[in-house]
**Student:** 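Dropping a structure here in structure tokens format, bear with me for questions.
A, B, ... follow the sequence lines: proteins, then strands. Residue 1 opens every chain.
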Amino acid sequence: MLDIKFIRENPELVKTGIKNKNEKDTVDEILVLDKRRREILNEVEVLKAERNSVSKEIGVLKREGKDATEIMSRMKSVSEKIKGLDAELRETEEKLNEKMLWVPNLPHESVPVGKDENDNIEVRRWEPDGFVYEKDFELKDHLELGKKLGILDFDRGAKITGSGFPVYVGKGAALERALINFMLDLHIQKHGYTEVIPPLLVNRDSMVGTGQIPKMEDDMYQIPKDELYAIPTAEVPITNLHRNEILNEDEVPKKYVGYTACFRREAGSYGKDSKGFLRVHQFNKVEMVKIVKTEDSYDELEKITNDAEDILKELNIPYRVLMLCTGDLSFSAAKCYDIETWSPAENKWLEASSCSNFETFQARRLNLRYRSKEDKKVHLLSTLNGSGLATSRLMVSLLENYQTPDGKVIVPKALHKYTGFTVIG
RNA sequence: GGAGAGGUGGCAGAGUGGUUGAAUGCGGCGGUCUUGAAAACCGUUGACGGUGCAAGCUGUCCGGGGGUUCGAAUCCCUCCCUCUCCGCCA
């Protein structure tokens with residue numbers, strides 16, 4: 001959520017940001033509601049002040065045994081007026097709040113203006129020493145490898161649940177588990193994050209807090225009976241850890257890392273990159289979340305991106321980092337780097353991580369603040385998160401890059417101590 | 001799922017419907033004392049909104065929402081959460 005005062009004072013700036021993000025511009029409607037809200041507020045507060053003081057007088061009169069019927073009946077009509085204005089105020093505030101929840105975060109000034117993913121900018125690329133993009137043997141894709149090696153079973157997953165719910169079998173399951181543990185350990189031990197295992201189901205307030213709702217509501221799996229939602233990313237429960245809290249300055253920054261399964265309906269995306277792991281409804285992800293002072297947030301964005309890249313360097317998997325343009329930026333993000341891993345069989349780059357700075361956008365929805373030692377006041381914090389990483393696309397790149405001409409898959413060295421075996425097949 | 005108890009300021013814990021934003025204690029902050037610290041003593045101590053250049057004035061908030069009343073932390077309705085017991089179950 002943006003600051004209503006900021007919108008009031010910089011409507012054109014906000015409109016430009018919304019336009020660059022390809023979102024719906026509701027600024028004018030918001031300004032009208034905001035103005036109306038303040039008008040009612042001014043009117044009703046005068047009446048409430050009167051009611052408060054006169055009610056006290058009535059108390060005094062009654063204690064002295066004096067008659068107060070006349071003054072009471074006068075106050076009754078004041079009270080009725082207040083009731084009417086309060087109702088109008090509530091209605092206006094509800095409308096305003098609803099509109100405010102639909103206003104996206106504004107892109108940071110360093111973000112290139114662009115229409116869609118084609119306008120994203122590659123900021124760097126990394127390959128292992130001696131890496132070649134053109135292999136000298138016939139490559140199998142991850143589906144074929146998974147099937148031939150008996151480590152991935154998409155068909156039975158579809159039988160049990162539906163398409164997009166993969167089953168990992170034998171060494172496939174062990175490899176998945178190894179990846180998760182490897183990534184967690186690296187972030188905990190080398191990068192200094194604190195591990196959390198959060199709930200996989202969250203309430204509506206949590207989803208609103210991080211900005212998935214209202215915009216992405218149809219992309220969530222819902223449990224209507226209990227008014228809960230399956231998390232699309234660990235970002236939601238972890239960022240919500242400190243919702244409605246005022247942290248001490250020395251508790252900041254908070255750095256969390258957590259592994260969770262993630263659930264996404266991916267409504268309306270059928271037919272596009274849909275085979276195997278390229279698009280799934282349930283996948284595993286290790287997620288990093290940072291809660292920091294706003295002035296530090298852009299340094300922290302670079303760091304969190306580097307932390308994610310570290311995983312791929314350790315695994316020796318080629319990747320590139322993109323700076324997303326305004327049009328490809330998610331609803332809540334001010335700036336975002338995507339990390340894409342190389343898939344030789346698909347002959348393309350696959351998004352395996354997204355590292356974003358939300359500045360105070362989520363914190364304002366979350367009511368997440370800290371008390372400054374310097375001025376003793378409370379200030380909004382800033383939140384960031386980065387996948388570190390999602391295993392599904394990573395698994396694609398891993399299997400395809402580490403395959404041998406005779407159809408086996410070598411296990412990356414960094415995972416040996418987690419898998420206990422060095423080759424699959 | 002059934003029965004009961006309870007949700008008040010950072011924490012603990014009072015609060016006959018009427019100067020209660022809320023006693024008291026702890027904690028925090030500032031000060032006195034001290035070479036320094038502790039102890040003791042004194043003072044101070046919420047968030048959010050409106051208005052104003054500011055000082056200030058003002059409104060809201062005692063789990064969430066709604067209601068009764070001139071006036072609600074206190075009464076009523078409803079939802080949520082926590083705890084205890086019973087039942088069911090991984």
Side-chain angles (χ1 to χ4, degrees), chain A residues 1-9 30-101 197-209 213 222-229 237 240-252 254 261 360 362-381:
Chain A
M1 198 152 59
L2 298 181
D3 184 359
I4 182 68
K5 281 184 199 155
F6 183 82
I7 298 178
R8 205 184 286 152
E9 285 158 19
I30 284 171
L31 291 176
V32 169
L33 286 167
D34 173 51
K35 183 153 177 268
R36 181 71 195 127
R37 171 181 159 268
R38 285 181 295 148
E39 282 168 1
I40 301 170
L41 211 50
N42 285 330
E43 199 177 337
V44 78
E45 276 191 4
V46 173
L47 295 175
K48 282 185 179 175
E50 184 188 358
R51 182 183 68 183
N52 286 346
S53 69
V54 174
S55 288
K56 275 179 192 167
E57 284 171 32
I58 292 172
V60 173
L61 287 176
K62 289 227 165 181
R63 220 169 307 127
E64 290 170 351
K66 289 181 182 158
D67 177 59
T69 46
E70 194 191 330
I71 191 167
M72 273 165 68
S73 73
R74 186 157 62 83
M75 276 305 103
K76 190 175 175 68
S77 73
V78 170
S79 251
E80 251 137 49
K81 231 185 256 176
I82 290 174
K83 202 176 280 184
L85 286 169
D86 262 346
E88 206 183 329
L89 181 65
R90 201 179 330 161
E91 207 179 305
T92 307
E93 280 181 339
E94 270 169 26
K95 278 187 201 157
L96 177 62
N97 196 255
E98 169 69 15
K99 296 264 185 235
M100 288 292 285
L101 289 178
I197 302 180
L200 304 182
L201 300 179
V202 298
N203 56 34
R204 190 181 172 85
D205 283 348
S206 293
M207 284 293 194
V208 171
I213 286 181
Q222 304 188 20
I223 293 102
K225 199 167 182 178
D226 297 292
E227 290 185 81
L228 295 173
Y229 298 80
N240 270 278
L241 274 174
H242 299 288
R243 166 152 52 91
N244 282 326
E245 290 185 24
I246 299 174
L247 303 177
N248 292 324
E249 184 165 359
D250 50 23
E251 292 179 86
V252 181
K254 294 269 188 195
T360 56
Q362 292 182 328
R364 195 168 283 110
R365 289 174 172 238
L366 293 162
N367 197 23
L368 168 56
R369 298 161 297 168
Y370 80 101
R371 188 177 299 279
S372 161
K373 280 191 167 152
E374 202 178 322
D375 63 10
K376 306 268 165 75
K377 287 191 186 149
V378 293
H379 301 278
L380 283 170
L381 285 156

**Student:** Distance check, P atoms only: B/rA55 and B/rA72, in whole angstrom units.
**Tutor:**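 Pairwise P distance, B/rA55 against B/rA72, rounds to 31 Å.
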**Student:** Does anyone know the first and last nucleotide of RNA chain B in reach of chain A, 5' to 3', at under 4.0 angstrom to a heavy atom?
**Tutor:**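 Nucleotide range in contact with chain A: B/rG18 to B/rG71.
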**Student:** Look at all strands and tell whether A/Arg204 reaches a base, only sugar-phosphate, or nothing, counting heavy atoms closer than 4.0 Å.
**Tutor:**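 Nothing: the residue A/Arg204, judged by heavy atoms under 4.0 Å, touches no strand.
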**Student:** Using the P atom in both, what is the distance from B/rU68 to B/rC77, to the nearest Å?
**Tutor:**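 Between the two P atoms, the distance is 15 Å.
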**Student:** Distance-only, no hydrogens or angles: does the A/Thr92 side chain make a donor-acceptor pair with backbone N or O of A/Glu88 under 3.5 Å?
**Tutor:**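 Yes; at least one donor-acceptor contact below 3.5 Å.
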**Student:** Quick test of your reading of the model: are A/Glu249 and A/Arg371 salt-bridged, counting only N-O distances below 4.0 Å?
**Tutor:**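 A/Arg371 and A/Glu249: not salt-bridged.
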**Student:** Mind checking what makes ring-ring contact (aromatic ring centres under 6.0 Å, His included) contact with A/Tyr370, not counting sequence neighbours?
**Tutor:**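 ring-ring contact (aromatic ring centres under 6.0 Å, His included) check on A/Tyr370 returns A/His379.
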**Student:** Please evaluate residues A/Ile71 and A/Val54 with respect to the criterion side-chain contact (heavy atoms from CB on, under 4.5 Å), reporting the C-alpha separation (whole Å), side-chain torsions for both, the decisive distance (0.1 Å), and the verdict.
**Tutor:** CA-CA 8 Å; A/Ile71 191 167; A/Val54 174; 3.8 Å; yes
**Student:** Starting at the 5' end of RNA chain B, write a dot or bracket for each base, bracketing those in Watson-Crick or G-U wobble pairs whose two distances are under 3.5 Å and using | for partners on another strand.
**Tutor:** ((((((((.[[[..)..(.....]]]((((((.......))))))((((((....)))))).[[[[[..)....]]]]])))))))....
**Student:** Which comes earlier along RNA chain B counting from the 5' end, the contact point of A/Val46 or that of A/Arg369, where each point is its nearest nucleotide?
**Tutor:**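 Upstream on the strand: A/Arg369.
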**Student:** For B/rG28 versus B/rU35, give the span between their C1' atoms, rounded off to a whole number of Å.
**Tutor:**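 Between the two C1' atoms, the distance is 27 Å.
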**Student:** With rounding to the nearest 0.5 Å, note down the distance linking CD in A/Glu227 to CG in A/Asn203.
**Tutor:**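 A/Glu227 CD to A/Asn203 CG: 9.5 Å, rounded to 0.5 Å.
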**Student:** How far, in whole Å, is B/rC75 from B/rU51 if one measures between their P atoms?
**Tutor:**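 Per the computed distance, 36 Å lies between those P atoms.
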**Student:** Pick the P atom in B/rU74 and in B/rG17, then give their distance to the nearest Å.
**Tutor:**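 My reading of the P atoms in B/rU74 and B/rG17 gives 11 Å.
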**Student:** Give one of base, sugar-phosphate or nothing for A/Val44, where a contact means two heavy atoms less than 4.0 Å apart.
**Tutor:**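 The answer is nothing, as A/Val44 stays clear of every strand by at least 4.0 Å.
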**Student:** At 4.0 Å (heavy atoms only), tell me whether A/Met72 reaches a base, stays on the sugar-phosphate, or touches nothing.
**Tutor:**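 If one applies the 4.0 Å heavy-atom cut-off, A/Met72 turns out to touch a base.
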**Student:** Within the 4.0 Å heavy-atom criterion, would you say A/Lys5 contacts the bases, only the backbone, or no part of the nucleic acid?
**Tutor:**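 Counting heavy atoms under 4.0 Å across all strands, the contact made by A/Lys5 is with sugar-phosphate only.
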**Student:** Using a 4.0 Å heavy-atom cut-off across all strands, classify A/Lys377 as base, sugar-phosphate, or nothing.
**Tutor:**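 Nothing, no nucleic acid heavy atom in range.
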**Student:** Quick one: does any side-chain atom of A/Asp3 pair with a main-chain N or O of A/Lys5 as donor and acceptor, under 3.5 Å?
**Tutor:**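 Checked: pair present.
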**Student:** Using 4.0 Å as the upper bound for N to carboxylate O, is an ion pair formed by A/Glu39 and A/Lys35?
**Tutor:**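 Judged by the 4.0 Å cut-off on N to carboxylate O distance, A/Lys35 and A/Glu39 do form a salt bridge.
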**Student:** Which part of the nucleic acid does A/Leu41 contact within heavy-atom distance under 4.0 Å: base, sugar-phosphate only, or nothing?
**Tutor:**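 Sugar-phosphate contact only - A/Leu41 comes under 4.0 Å of backbone atoms but never of a base.
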**Student:** Give the C-alpha distance, both sets of side-chain angles, the deciding distance and a yes or no for side-chain contact (heavy atoms from CB on, under 4.5 Å) between A/Gln222 and A/Leu228.
**Tutor:** CA-CA 6 Å; A/Gln222 304 188 20; A/Leu228 295 173; over 6 Å; no
**Student:** In whole Å, measure the gap between the P atoms of B/rG10 and B/rU69 for me.
**Tutor:**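 Pairwise P distance, B/rG10 against B/rU69, rounds to 33 Å.
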**Student:** Determine the Euclidean distance between corresponding P atoms of B/rG30 and B/rA38; express it in Å to zero decimal places.
**Tutor:**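 Nearest-Å result for B/rA38 against B/rG30 at atom P: 12 Å.
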**Student:** Quick one: on RNA chain B, does A/Ile246 or A/Glu80 contact a more 5' nucleotide (nearest heavy atom)?
**Tutor:**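 Final value for this comparison: A/Ile246.
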**Student:** Heavy atoms under 4.0 Å, any strand shown: does A/Asn52 hit a base, just sugar-phosphate, or nothing?
**Tutor:**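 Contact class for A/Asn52: sugar-phosphate only.
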**Student:** Expressed as a whole number of Å, how far does the C1' atom of B/rG65 sit from that of B/rA54?
**Tutor:**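 Going atom to atom, C1' in each nucleotide, I get 39 Å.
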**Student:** Between A/Ser55 and A/Asn52, is there a donor-acceptor pair closer than 3.5 Å when you use the side chain of the first and the backbone of the second?
**Tutor:**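 The answer is no, because no donor-acceptor pair under 3.5 Å joins these two groups.
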**Student:** With the threshold set at 4.0 Å, does a side-chain nitrogen-carboxylate oxygen contact exist between A/Asp86 and A/Lys48?
**Tutor:**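 Salt bridge between A/Asp86 and A/Lys48, a charged N being under 4.0 Å from a carboxylate O: yes.
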